[in-house]
Amino acid sequence: MSSWIRLLIYLIAAPVVGGLLAGWDRRISARMQSRRGPPIFQPFYDVRKLWQKQSIVVRRSQNFYILFFLLLVIFTGALFFAGSDLLLVIFALTLAAIFFVLGAYKASSPYSFIGAERELILMMAYEPMILLTAIGMYMVTKSFYVHDIASHATLLVLALPGVFLGFLYTLEIKFRKSPFDLSSSHHAHQELVRGITTEFSGRALALVEIAHWYENVFLLGWVYLFFASSPLLGVAVSLLVFVLVILTDNVFARLKWQTALRSAWVVAAVLGFGNILVLSLLR
Amino acid sequence: MPRTIIPFGPQHPVLPEPIHLDLVVEDEKVVEARPSIGFVHRGLEKLAEKKDYVEFVYVAERICGICSFIHGQTYCQAIETLMNVQVPPRALYLRTAWGELSRIHSHLLWLGLMADGMGFESLFMHSWRVREKVLNIIEATTGGRVIFGSCKIGGVRRDMNAETIRNLLQELDAIEKDMRQITRVFLDDNSVKSRLSGIGVLPKQEAHDLGCVGPMLRASGVAQDMRTLGYAAFKDIGVEPVTRAEGDCYARCAVRCEELFQSVGIIRQALEKIPDGDIAVKVTGNPAGETIARTEQPRGEVVYHLKANGTKNLQRFRVRTPTFANLPAMLKVLPGCDLADVPMIVLTIDPCISCAER
Amino acid sequence: MGYFEMSKLALKWALTKPPTSRYPFEPRRALAGSRGQLVFTKDSCVYCTVCAKKCPTGALLVNRAQKKWAIDRLRCISCGYCVEICPKKSLDLSTSHGSPAVTRDREFH
Amino acid sequence: MNPEPIELITLDTLLDKVRAKREAGCRLVQVSATRLPDQVELTYSFDLNSRLASLRLSLPGAAPRVPSISGIYGCAFLYENEIHDLFNVQVDGMAVDFKGNLYKLAVRFPFGSTQAPCAPTGAAPAATPTQ
């Protein structure tokens, strides 16, 4: 499959898959909470409804930042699925997150302001581990290109078990799930109301939702990369990881930022760095 | 360092209670909390001039939506003291059982809100799932889910027959098992502990001096429980106050968790020992005199100060609800905590602002 | 174990049928003792006005001369006091709650 | 448990009596006010080992003044603000003074009138709806 076709499939299929994943997420969560939950297509209904709502903004430029957030998230995924440089992907991902934070700062509400600050702290928490993941993949495959990593003959996870576990940990943060939903919780039941997205409504909020769909598909794609030599196993593990994320969401209280940051760095240092150290010593 | 003011309430998703706090934060440290209440003053005390003392039971029950039954019970007890009414023992036992059922439902509600406040949605849903079973018992025995309406001056309105009691006790066993599962998470889970332990510490002496009541006071190590006064059937059923020494949010949570099982025990005892007989006596005449009645609500000690002058209407009807007494302590422990701890501290006093203002 | 205390409960319920019902589509099962809507039986009523005098919210209105009994459903709190004191047992509380009242109109009988 | 002792005190002995209660280790249970035809009665209730004891202070006049006890019992400020807002009793030296804004009321000082709270004619049955 040429990289252009993969790119095209990503652009069209990612929001559909992402939306369905979000629908399953709500369904499975509801069942774990002894509820029935909404229909599978509820996320799409939500976005359609948001799209029809009157747009109310504090400052008009805040929606501009959200548009860039969406575009950069799509760009990140596009780079990834086109088989480009993993470091470039990480750079684009960070830039996207920064635009999200800037949008929240722009709204100048105390809730979204503190939400934005917490989001920056969370970025500090997951960024080292994400970089270590890229480095670990490079050490095994001798390339930073997703294309090369994906076509590597062995299962990456066998050489990088620590990095894989560490990556799962950061995944919890990136999915904004409990215990790391401190910058913006899904249920708006926190001291910051809904934190970073408090002041977004209507179409801007719909764009945020769509961006999350793209982002989640891209992140699960990265999980797949650890098992790329065995595609079926890769897809199965990606879905399993998604269920694991939902389960974790349902069995943890929200942590405070101090605990979140500390634990993420400990995980990065022990699992991520330790794994890479062992790899380089074995060589 | 620049300071931000975070408005907290009167409409806030964590705390659906009409209290407003201006939290002055430096970074995420709260340096000052300025309270303001009084958004929902309903003038229920003034209503005593319009409603006669019999009708007023309904008003007293509606002071609070959650501890409604014990409000009605306290009011009836106060009037019965004034009028020297001897309530039949069966009625006293029924009141005790219903009072403890309402304590279980209130504590389960609180546990759910607490879990929701710390972002533990599934625990919240499961607490309320169990609470629903308690509400079903209440509805089946009194006819109402939260406003029981079963207490009247001189006794109670409804009786429970032997079969109802048997079913109720069976259902209670199932509920107890469910509650064990839920409280285990509250007390043992590390992520919950990381949010509660060492937060909002109120030392024993301070809790006493600030006039705290109920679980808030007991969590700081003061063994005070108005049920030990021996009202209703508590003169036959002993109550040992549940206390903890730590005085933090975790201790307040633990006290309430333990009280759930204490209440189950009390209901079992009350329904097993329940004497036969009438459930109400006829009350005639008008009350005269003055009395202060105290009972233990889920949230703590409630004080009714009644003054009557022999007319149908009370001269003065005054209620001091537990939240009113716990608010100063909450304001005391808020400064110095993290912003993320604010919901925990506010929730652990189990605030019911509407009944604090009446 | 200190972590994942909740997982047993969450996984168990993920595989169990939820206890909730799809409310507007499946009506609620009424409990035997529930205090629902007030039901008036015209035949036995003698229009003595006791219920109207005793109603704590003033929801009832009885006119002895015109033989009319009226209720303001929005005011009725389903306390059952009128049922208790009605000398002719013309009043009863049904276990169903009926549809919610939306206007302040009195319902005449 | 009844009757609870109520000790009558005067304005100038209030602070000393309250201080004595504090030194004895009492917990402040409540402060309540009652509007009577020609005076306002304040009741300070204290608890010691689940025994209730009260102090009773009578204040004549429509808008009387009373010193705050919030210097002795810090938590009294809420009760005192309430009494000010509802009964029009001026409390001097409250630890936290809401300046009449504790309760947002439609009627200023709802218990402030010196008329008897329930005149015999006022006891008409409430359950006579007018159409």
Side-chain angles (χ1 to χ4, degrees), chain A residues 25-26 28-37 105 108-122 172 176-195 197-199 246-263, chain B residues 2-9 11-16 21-30 112-130 132 178 182 185-186 189-196 198-199 253 337-347:
Chain A
D25 174 0
R26 292 173 67 169
I28 298 171
S29 285
R31 290 301 294 271
M32 285 180 177
Q33 298 170 3
S34 72
R35 294 186 286 126
R36 275 160 209 259
Y105 268 127
S108 68
S109 132
Y111 300 126
S112 66
F113 191 85
I114 292 194
E117 280 179 349
R118 286 187 181 177
E119 181 69 23
L120 286 177
I121 289 169
L122 285 183
E172 294 282 344
R176 289 194 184 76
K177 292 277 194 192
S178 206
F180 301 110
D181 53 351
L182 39 100
S183 72
S184 162
S185 78
H186 281 257
H187 305 277
H189 272 210
Q190 82 186 96
E191 61 278 7
L192 299 179
V193 186
R194 206 168 190 269
T197 49
T198 306
E199 299 298 327
I246 297 173
L247 179 68
T248 321
D249 185 29
N250 277 301
V251 300
F252 272 99
R254 182 183 306 126
L255 294 178
K256 283 162 53 171
W257 67 265
Q258 294 94 328
T259 336
L261 187 63
R262 206 178 304 129
S263 69
Chain B
R3 292 182 166 189
T4 321
I5 294 181
I6 308 270
F8 192 81
Q11 289 287 327
H12 196 284
V14 174
L15 184 74
L21 292 171
D22 273 326
L23 300 170
V24 183
V25 293
E26 268 175 9
D27 223 357
E28 286 210 23
K29 269 268 178 283
V30 177
L113 291 179
M114 190 70 188
D116 191 42
M118 59 189 168
F120 208 145
E121 287 87 18
S122 62
L123 193 52
F124 160 55
M125 292 290 175
H126 283 284
S127 303
W128 281 36
R129 168 175 61 80
V130 181
E132 203 60 32
D178 281 336
I182 285 165
V185 182
F186 273 103
D189 193 88
N190 279 352
S191 68
V192 176
K193 270 189 196 163
S194 81
R195 291 302 304 272
L196 297 180
I199 305 296
C253 185
C337 73
D338 271 342
L339 182 60
D341 298 331
V342 172
M344 301 297 102
I345 293 173
V346 173
L347 282 172

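Below, read A as the first sequence line, B as the second, and so on, with proteins coming before strands; counting in each chain starts at 1.
The two residues Gln33(A) and His126(B) come nearest to each other via the heavy atoms CA-NE2, 3.7 Å. Across all their heavy atoms, Phe8(B) and Tyr111(A) have their closest contact at N-OH, 4.4 Å. Taking each heavy atom of Arg195(B) and Ala253(A) in turn, the nearest pair found is CG-CB, 4.4 Å. Contact record, Gly119(B) with Arg254(A): CA-NH2, 3.5 Å, taken as the closest heavy-atom pair. Smallest separation of non-hydrogen atoms from Pro110(A) and Thr4(B): CB-CG2, 4.2 Å.
With a threshold of 4.5 angstrom between heavy atoms, Thr259(A) does not approach chain B through any atom at all. Arg118(A) touches chain B through its side chain: at least one heavy atom from C-beta onward sits under 4.5 Å away, while N, CA, C and O do not. With a 4.5 Å cut-off on non-hydrogen atoms, Ile5(B) touches chain A through its backbone but not through its side chain. Of the atoms belonging to Asp338(B), it is side-chain heavy atoms, and not backbone ones, that fall under 4.5 Å from chain A.
Distance check, rounded to the nearest 0.5 Å: CD1 of Ile246(A) to OG of Ser122(B) gives 12.5 Å. Atom CG of residue Asp27(B) and atom CD of residue Glu117(A) lie 6.5 Å apart, to the nearest 0.5 angstrom. Summarising the geometry, atom CD belonging to Glu28(B) is positioned 6.5 Å from atom CD1 belonging to Ile121(A); distances are rounded to the nearest 0.5 Å.
Your options are Asp249(A), Ile114(A), Leu255(A), and the one with the most heavy-atom pairs under 4.5 Å with chain B is Ile114(A).
Put simply, the side chain of Ser191(B) never gets that close to the backbone of Phe252(A): no donor and acceptor are under 3.5 Å apart.
The shortest distance between side-chain heavy atoms of Val251(A) and Asp189(B) does not fall below 4.5 Å.
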